[in-house]
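Worksheet for the structure shown next.
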Amino acid sequence: MRLSNSFIPTLKEIPSDAYIPSHQLMLRAGMIRPLGAGVYSFLPLGYRLVKKIIEIIRDEMDAIGGQEFHLPALNPLELWEETGRAKDFGDVLFHIKNRPLVLAPTHEEVIGYIASNHIKSYRDLPQIWYQIQTKFRNEPRPRSGVIRGRQFLMKDSYSLDATWEGLDRSYELHAEAYKKIFTRCGLRFFVVGASSGAMGGSASQEFMIESQSGEDTCVRCDNCGYAANLEVAQSNVAKPQRDGQSNKLKEIYTPNVRTIDELKSFLNVDERLLAKSLIYMKDKTPILILMMGNDQLNESKLQAVLGADVRPSVPEELKGLTGADAGSIGPVGLNDQLPEGTRFKIIVDKRLEGANNLISGANKNDYHITNIDLQRDVKVDGYYDLRIVQAGEPCPSCGKPLRIVNAIELGHIFKLGTKYAESLDAYFLDEDGKEQPIIMGSYGIGVERIMACHIEQSHDKHGIIWNKALAPFHVHLILLNANNEKVVSTAEHLYEKFQEALIDVLYDDRDDVSPGFKFKDADLLGMPLQVIVGKKNVDSGKVEVKERETGKRKLVELGKIVHYVEQYIES
RNA sequence: CGGGGUGUGGCGCAGCCCGGUAGCGCGCUUGGUUCGGGACCAAGAGGUCGCUGGUUCAAAUCCAGUCGCCCCGACCA
């Protein structure tokens, strides 16, 4: 492609709205332009890249037996009401104003609808159906360029299986395909166990890259490779020892002590003796949660235990429920305030399991109770892992210190189970002639995130550094002296030769910009190789080759340059 | 949705506090000179200062409202 009549509007200056490197560079390299918040136009260079990424994804999806669909973005609202997700998505779902239609944010519903009409026998299964299409989500706050947009490209696939073992197989196939896809795209990624969230289902893993700009938080162990989303991450943090004997309960006067830190310094005791109380509500049932010391409650873990509809209590509720304000609440004598027949559910973080001689609130402002034995004094409804892992805590599998990092989610795989089949009436007859719901899995990849993440991981102060698989062009051919006939004819000749050799070449044949300008543009656009044709070397029958990644330059004889580039691409 | 910022030619910004003919750099057009790291000279084109209303003889500037965009948070299947 000739740069002289291409539309690749590069920018010298950084657009003021862009903060993260990938966003800045995608704008500067003329790949995208914003149209509204979270909505981007892909310009020719950017779209070329999109197509390359899609090609890689398609290749690997086809390799595991995936069949590509093209599905409507316009979905009947009714279909989304059947699965209950019109409500679950809430404001994130775009609604069409003048028809009862929604813009699909994902396609389980449509897939389930098609399956319910056509998959009638176990003989029709398994199936892997996928699509690479635009999805719409009314994100409350789009950000980071294309990383979180309101309209974005997603590869979504859906597995349909007759058995749970089949689902495991489909899930594994996707996990392997995803590793191949991200590896081919040259990304340094890691896989984490994740919460399946409101999507439902049993297992789920996320494919992440570490990045300061990431919206997810993950725990990683550099020693053994343990990695988990903070939502589900665990650590091998020490538990307090149970004392030999439990002392007698005693009320102590703690004026104006509200926080664990204040209590700790007021009493001058080890934080591990303190049990922090948190009050949550599920419907009308109050729930007391005990955490050790200043351990932070992980609400994702709490939701996994109690369901998604738990909420923190508001300060006004506390006094009526417990008789005290926040900071003075505890498990002993807790139900005294409540009317007959209602009582608190008490759940305790595992770290406190079996603990005794603990100090917690007395349900009376300015008082705490000491020597609490959870076994003796409290009717505990259950012990669960509820705490947020902190950086530096020991890895649960090898004991080395954990790191906590920000990460960008590139892909997510779910074992969905039968939820959608049941609500959409997608049943088949098994070998015994018995009706069974189709067992589904769902597997997504953010296409734009691949490009953004690659740039995040591969750029320098001059611009983007593409790897060979993603580079929109293999070679950036630079004509330096457009006024010199011999240089021009050499460059033109090379341009033809590259094309004949089916090498993707971007040819900077502009006659109205200076050499420096062309070099800057070439570094910004970041093709793996630059072939520089200038009069300095043409006279001796040579051209200069610069590798973008290393900046290494080399003189290559004219006659050998096509072969040289071919070899470079294949290596 | 809460907090903060911002809106002035295609891009990046100054001017606003203290009201009085709208400015700079880059880019763009024409001509000329240049040609290995974002060239130079000359002459040009291009702006209802986001929008609406108010105050004033006079508003980019002061006041009120409103919209867009960005950042932090909440949220994030």
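To find a chain, count down the sequence lines: A is the first, B the second, and so on, and within it residues start at 1. Just so it is clear, the model here is predicted, and its values are computed rather than measured. When reading the values below, keep in mind they use all heavy atoms of this one structure, side chains included, and skip hydrogens, waters and symmetry mates.
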Could you tell me which nucleotide pairs with [N] by Watson-Crick or G-U wobble geometry, both distances under 3.5 Å, or answer none if nothing does?
N: C40(B); answer: G32(B)
N: U56(B); answer: none
N: G23(B); answer: C13(B)
N: G73(B); answer: C1(B)

(request) Mark yes or no: Arg311(A) above the aromatic ring of Tyr280(A), with NZ or CZ under 6.0 Å from the six-membered ring centre and no more than 45 degrees from the axis. (result)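 Ring-cation test returns no.
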
Distance-only donor-acceptor hits, side chain of residues 69-80 of chain A, under 3.5 Å, sequence neighbours excluded:
unit_1	atom_1	unit_2	atom_2	d
Asn75(A)	OD1	Trp80(A)	NE1	3.0
Asn75(A)	ND2	Pro72(A)	O	3.1

How far, in whole Å, is [M] from [N] if one measures between their [atom1] atoms?
N: C71(B); M: G12(B); atom1: P; answer: 14 Å
N: G19(B); M: A59(B); atom1: P; answer: 13 Å
N: G20(B); M: G15(B); atom1: C1'; answer: 14 Å

Quick one: label [X] by what it contacts on the DNA or RNA (base, sugar-phosphate, nothing), any heavy atom closer than 4.0 Å.
X: Arg510(A); answer: nothing
X: Thr83(A); answer: nothing
X: Arg137(A); answer: sugar-phosphate
X: Asn484(A); answer: nothing

(request) Using heavy atoms and a sub-4.0 Å distance, could you list which residues of residues 446-460 of chain A are near RNA chain B? By number, please. (result)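 The stretch gives none, as no residue of it lies under 4.0 Å from the strand.
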
(message) Tell me which pairs pass ring pair (Phe, Tyr, Trp, His ring centres under 6.0 Å) where either residue lies in residues 512-555 of chain A, with sequence neighbours left out.
(response)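 Every pair satisfying ring pair (Phe, Tyr, Trp, His ring centres under 6.0 Å) with a residue in residues 512-555 of chain A: there are none.
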
(message) Protein within reach of the bases, or only the backbone? For nucleotides 3-13 of chain B, mark each nucleotide 5' to 3' as B, S or -, using heavy atoms under 4.0 Å.
(response) --------BSS

Show me the protein contacts with nucleotides 29-36 of chain B, counting only N or O atoms at under 3.5 Å.
unit_1	atom_1	unit_2	atom_2	d
C35(B)	O2'	Asn481(A)	ND2	2.7
G36(B)	O6	Asn537(A)	ND2	3.1
G36(B)	N1	Glu544(A)	OE1	2.8
G36(B)	N2	Glu544(A)	OE1	2.5
G36(B)	N2	Glu544(A)	OE2	3.1

(message) Any side-chain N or O of Arg143(A) below 4.0 angstrom from OP1/OP2 of C76(B)?
(response)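 Negative; the distance criterion is not met.
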
(message) My understanding is that only residues two or more places apart in sequence, or in another chain, count here; which of them pass ring pair (Phe, Tyr, Trp, His ring centres under 6.0 Å) with His174(A)?
(response)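 Per chain and number, His174(A) pairs via ring pair (Phe, Tyr, Trp, His ring centres under 6.0 Å) with Tyr443(A).
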
